[in-house]
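One-based numbering along the sequence shown. Quantities reported herein were computed from a predicted structural model and do not represent experimental measurements.
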Amino acid sequence: QAQLVESGGNLVQPGGSLRLSCVVSGFYLDWHAIGWFRQRPGMAREEVTCIGDNDGDTTYSDSAKGRFTISRDKANNTVYLQMNNLRSDDTAIYYCAMADLLLVPCTDIFEEDYDLWGQGTQVTVSL
């Protein structure tokens with residue numbers, strides 16, 4: 001059974017860093033794009049970043065560019081989201097998701113294409 005499990009969320013001060021993990025099981029990580037999304041309080045869910053089947057295929061939201069980095073450890077079936085220089089408006093529940101599209105680049109994947117989701121992990125940025 002395919003599954004994604006996030007971890008790593010925590011309370012952190014502004015300017016701090018966190019690394020979120022998304023452990024996948026039940027499918028080949030190599031063949032599917034994985035996205036990180038977040039839902040901030042009172043706001044719609046938004047895509048933060050995506051990594052395609054090719055490690056060089058990544059996209060970032062404007063808010064994430066220059067601060068967040070997505071990476072994949074195939075040996076451990078894990079996708080990471082390294083978040084640096086965190087701000088209060090990064091406070092959200094962060095979700096990872098798998099797009100059930102084989103060998104499709106991130107630029108051609110939309111939120112509705114992600115059909116397997118983790119349970120989310122809470123990130124709170126506050127003094």
Exercise for the section: Please confirm whether the backbone N or O of Tyr60 pairs with a side-chain atom of Thr49, one donor and one acceptor, at under 3.5 Å? Expected result: no
Problem - Note, Trp117 side chain near Arg45 side chain (heavy atom, < 4.5 Å) - result: yes
Handout entry: Backbone of Pro105 reached by a side-chain donor or acceptor of Asp108 within 3.5 Å
Key = no
Handout entry: Side-chain touch Tyr80/Leu20, heavy atoms, less than 4.5 angstrom
Key = no
Practice task
Would you check if there is a donor-acceptor pair between the side chains of Ser63 and Arg38 at a distance under 3.5 Å?
Solution key: yes
Problem - Minimum side-chain heavy-atom gap Asp57-Ile51 below 4.5 Å - result: no
Fill in the blank from the handout: Checking Thr124, Leu81, Leu86 against Leu18 for side-chain contact (heavy atoms from CB on, under 4.5 Å), the one that qualifies is Leu86
Practice task
Please answer whether the main-chain N or O of Arg87 pairs with a side-chain N or O of Asp90 as donor and acceptor at a distance below 3.5 Å.
Solution key: yes
Handout entry: Heavy-atom check, side chain of Leu29 versus side chain of Ile34, under 4.5 Å
Key = yes
Problem - Minimum side-chain heavy-atom gap Thr58-Cys106 below 4.5 Å - result: no
Exercise for the section: Answer yes if the side chains of Thr78 and Asp73 hold a donor-acceptor pair under 3.5 Å, and no otherwise. Expected result: no
Handout entry: Any side-chain heavy-atom pair of Trp36 and Glu6 under 4.5 Å
Key = yes
Handout entry: Backbone of Asp53 reached by a side-chain donor or acceptor of Arg72 within 3.5 Å
Key = yes
Practice task
Check the angle between the aromatic planes of Phe27 and His32 and answer parallel, tilted or perpendicular using the 30° and 60° thresholds.
Solution key: perpendicular
